[in-house]
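Read the structure below first, then the notes.
Quick caveat, the model's predicted, so the values are computed rather than measured.
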Amino acid sequence: MSSNQTLNSRLRVLVAKTFRAEKLYASMKNSNCVENGEIQKLAEFANTVRADVWQQAHAKLRRSLNDILTKVSGSEMVEAVIELRNSFLRTSEQSKNLMEKSRSQLLELAEKDEYAHTLRTSLELIRLKAHLQASQIIADELTSIAQISRKDDTTISSELQVEQ
């Protein structure tokens, strides 16, 4: 029971950190730079895209953690955290695969001098990379919490290592 209390408190700390991260990413989306040149506008837009993806990922994490904290109890809590971690790992893997396809498409478009299409593809790559990074960082955080909570259970620890 005490390990569940510890897991519960760790998840609550992560919910608080996630909430602060969401607010940070929201402020990044709304910040304006002094320069208003076309390149600066593109950089601001790319920053907004990244911040939006990170904010959405952290909002999903916060909602999922709150669901786990309110609906799951006992030993099932660690398994719920592991399943949530696996969900973020799947998102990370999907983003990585899509990035590889988009990267090769970007090169083909650049060779054909299709610069408007390369811009659109570049922005998609920015979004996909943000998905990949956010998902990986969240999965790592959840892995850490699950491992600490089940450090003496070798089955769970080995399962966590294999799936990474």
Side-chain angles (χ1 to χ4, degrees), residues 7 10-33 38-69 72 77-112 114-150 156-164:
L7 175 59
R10 283 190 194 103
L11 292 177
R12 291 187 187 284
V13 167
L14 185 55
V15 168
K17 283 174 44 177
T18 300
F19 182 75
R20 286 191 303 271
E22 281 182 77
K23 296 301 177 197
L24 172 67
Y25 300 129
S27 71
M28 286 174 58
K29 288 191 307 187
N30 298 327
S31 66
N32 292 322
C33 294
E38 295 303 314
I39 300 298
Q40 186 63 34
K41 288 178 183 176
L42 285 173
E44 288 176 14
F45 184 68
N47 208 25
T48 299
V49 168
R50 276 190 294 273
D52 188 47
V53 168
W54 279 73
Q55 183 184 21
Q56 289 175 14
H58 281 80
K60 177 184 175 185
L61 173 63
R62 183 180 45 78
R63 284 189 306 271
S64 299
L65 289 173
N66 281 329
D67 284 347
I68 289 171
L69 286 166
V72 180
M77 196 174 280
V78 174
E79 284 74 20
V81 170
I82 292 169
E83 181 53 40
L84 180 59
R85 190 272 324 240
N86 291 343
S87 166
F88 279 99
L89 284 177
R90 284 189 297 275
T91 299
S92 173
E93 190 61 32
Q94 290 168 348
S95 295
K96 183 178 177 181
N97 292 337
L98 289 171
M99 276 182 65
E100 290 171 7
K101 291 176 185 174
S102 293
R103 192 177 304 124
S104 62
Q105 181 183 17
L106 178 69
L107 294 173
E108 290 173 17
L109 290 168
E111 287 175 3
K112 295 177 183 177
E114 294 286 341
Y115 301 118
H117 287 71
T118 59
L119 176 61
R120 184 185 69 216
T121 305
S122 294
L123 289 172
E124 178 63 14
L125 279 164
I126 290 168
R127 187 184 67 75
L128 289 168
K129 184 174 180 181
H131 269 292
L132 174 70
Q133 292 171 328
S135 297
Q136 285 178 334
I137 287 172
I138 290 169
D140 289 347
E141 185 76 28
L142 293 171
T143 298
S144 174
I145 288 173
Q147 283 178 332
I148 290 169
S149 300
R150 286 286 181 99
I156 296 294
S157 293
S158 62
E159 177 182 318
L160 285 167
Q161 295 301 323
V162 169
E163 293 177 4
Q164 287 185 345

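Side chains of Val13 and Lys17 form a contact here, defined as non-hydrogen atoms less than 4.5 Å apart. Inter-residue side-chain proximity for Gln94 and Ser135 is flagged as unmet; no heavy-atom pair is nearer than 4.5 Å. Between Leu84 and Leu61 there is a side-chain heavy-atom pair separated by less than 4.5 Å.
To the nearest 0.5 Å, atom CD1 of residue Ile126 and atom CG of residue Leu42 are 9.0 Å apart. A distance of 10.5 Å separates NE2 in His131 from CZ in Phe88, rounded to the nearest 0.5 Å. Atoms NZ and NE2, from Lys23 and His58 in turn, are 13.5 Å apart once rounded to the nearest 0.5 Å. Note: Ile145 CD1 to Asp140 CG = 11.5 Å, rounded to the nearest 0.5 Å. Remark: Leu24 CG to Gln55 CD distance equals 9.5 Å, nearest 0.5 Å. Arg85 CZ to Thr143 OG1: the interatomic distance, rounded to the nearest 0.5 Å, is 4.0 Å.
Under 4.0 Å is where a charged nitrogen must lie from a carboxylate oxygen, and between Glu83 and Arg90 at least one such pair does. A salt bridge links Glu124 with Arg127: the closest approach of a Lys/Arg side-chain nitrogen to an acidic carboxylate oxygen falls below 4.0 angstrom.
For the pair Thr121 (side chain) and Thr118 (backbone), a donor-acceptor distance under 3.5 Å is absent. A donor-acceptor pair under 3.5 Å links the side-chain atoms of Ser95 to the main chain of Thr91, judged by distance alone. In this structure, the side chain of Thr18 engages the main chain of Leu14 through a donor-acceptor pair within 3.5 Å.
Annotation for Lys96: atom NZ does not count as buried by contact number, only 12 or fewer foreign heavy atoms lying within 6.0 Å.
Of all non-hydrogen atoms in Arg103 and Leu125, the two that sit nearest each other are N-CD2, 3.9 Å.
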